[in-house]
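Below: one structure, written as structure tokens.
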Protein chains: 2
Amino acid sequence: MAVQRYSKQRELILNDLKNRCDHPTAEMVYESVVKKCPAISLGTVYRNLNTLAENGQILKLSVGGADHFDGCTDCHYHLVCKKCKRVFDKWIERLPKEIADINDNGFEVGEINVTLYGVCKDCKGL
Amino acid sequence: MAVQRYSKQRELILNDLKNRCDHPTAEMVYESVVKKCPAISLGTVYRNLNTLAENGQILKLSVGGADHFDGCTDCHYHLVCKKCKRVFDKWIERLPKEIADINDNGFEVGEINVTLYGVCKDCKGL
DNA sequence: TTGACAAATGCAAAATAATGCGTTATAATG
DNA sequence: CATTATAACGCATTATTTTGCATTTGTCAA
């Protein structure tokens with residue numbers, strides 16, 4: 001793989017993601033970083049978020065609709081509300097053994113993603 | 001919610017998905033059903049796949065890129081190859097207790113999705 | 001049966017998401 | 001410093017998904 005160079009844009013994107021505790025889409029990250037760097041393009045945000053996710057510096061969440069990104073790579077599950085589309089964290093000590101140990105005949109396992117879809121507390125009353 | 005009526009198109013779409021063992025995108029399902037029903041539109045395929053997924057008759061998989069659909073709702077994980085983008089099944093008896101029992105303070109849990117990203121056997125050599 | 005109601009469709013356009021490409025800029029080398 | 005290779009950029013385009021609307025079609029009850 002090619003050597004990664006420094007870029008102001010990528011630094012901004014990573015900082016933004018590390019300093020927020022929600023799970024923004026590329027569009028949301030763009031809206032945030034464009035304030036500090038008006039010339040940045042949405043394409044650059046997409047590209048860098050994907051690069052950072054490939055490097056394991058952030059998490060990419062495909063949860064329906066646009067992808068979301070998570071600045072926290074500690075072990076946790078995601079709870080996705082089907083009504084308001086928000087993503088919540090569920091912290092855990094470690095993955096269940098049955099999942100962590102999966103070795104499916106030659107498939108080289110990388111990131112493991114556990115997502116629970118449902119209805120959040122706030123939306124249940126509505 | 002309104003009563004669901006029968007439609008030839010929905011039946012074709014569901015049958016197609018039940019009779020294949022891959023994980024097609026909406027576009028792929030369209031290409032298949034249009035052979036049996038030349039007048040069907042891609043919009044109808046999208047609409048019905050989403051309806052069927054909401055009803056729990058099929059699974060909608062958000063794995064990055066276009067959504068994929070799965071006609072088999074039995075308990076299983078998905079292995080997604082980051083190179084060729086194919087989706088493989090990993091059958092299991094039941095979900096680990098730690099996951100099945102999650103009850104996060106008012107969040108009403110529905111579908112649970114476990115996805116492992118990695119590199120498949122075929123792509124590892126390349 | 002037949003008429004009425006509304007679910008579902010096909011088409012096309014709009015909205016949303018993601019990528020290709022020519023240009024710019026980082027950083028290693030002489 | 002000047003040069004050079006190529007990572008990263010911004011813009012424009014393409015890909016994907018949803019939606020509006022006029023029309024068709026499945027159901028139910030008269």
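In this text, all values refer to a predicted model and were calculated from it rather than measured experimentally. Residue numbers start from 1 in every chain, and the chains themselves are labelled A, B, ... in the order their sequence lines are given, proteins ahead of strands.
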Sugar-phosphate only, base, or nothing, as touched by B/A26 at under 4.0 Å among non-hydrogen atoms: nothing

Length of the line joining B/M28:CE and D/dA15:C1', which is rounded to integer Å: 16 Å

Between D/dT17 (P) and B/N48 (CG): distance, integer Å: 15 Å

Presence of A/S41 side-chain N/O under 4.0 Å of D/dC11 phosphate oxygens OP1/OP2: no

B/K82 and A/E111 ion-paired at < 4.0 Å: yes

Return the polar atom pairs (N/O with N/O) between nucleotides 12-17 of chain C and the protein under 3.5 Å, or none.
none

Residue pair A/N113 / B/T115, side-chain donor-acceptor N/O under 3.5 Å: no

Between C1' of D/dA7 and NZ of A/K8, the distance in whole Å: 18 Å

A/K18, NZ: over 12 other non-hydrogen atoms inside 6.0 angstrom: yes

Ion pair check, B/D122 and B/R86, cut-off under 4.0 Å: yes

D/dT25 phosphate, OP1 or OP2, under 4.0 Å from B/Q9 side-chain N/O: no

Nearest-Å distance for atom pair NZ/C1', residues B/K85 and D/dA15: 15 Å

Below 4.0 Å: OP1/OP2 of C/dG10 and any side-chain N or O of B/T44: yes

Mutual orientation of the aromatic rings belonging to A/H23 and A/H78 [parallel < 30°, tilted 30-60°, perpendicular > 60°]: perpendicular

For atom CG of B/L49 and atom P of D/dT16, their distance in whole Å: 15 Å

A/R47 (side chain) and C/dA18 (base): donor-acceptor pair under 3.5 Å: no

Between P of D/dT18 and CD of B/E54, the distance in whole Å: 10 Å

Shortest side-chain distance from B/N50, nucleotide among D/dA8, D/dT18, D/dG10: D/dT18

Of the listed nucleotides C/dA7, D/dG10, C/dA27, the one nearest the side chain of B/R5: C/dA7

Rounded interatomic separation in angstrom, taking CD from A/E11 and P from D/dC9: 12 Å

Over 12 non-hydrogen atoms of neighbours within 6.0 angstrom of CG in B/D101: yes

Heavy-atom side-chain proximity of B/I112 to A/Y117 below 4.5 angstrom: no

Distance in angstrom units between B/R10 CZ and D/dT25 P, rounded: 15 Å

Phosphate contact (D/dC9 OP1 or OP2) by A/S7 side-chain N/O below 4.0 Å: yes

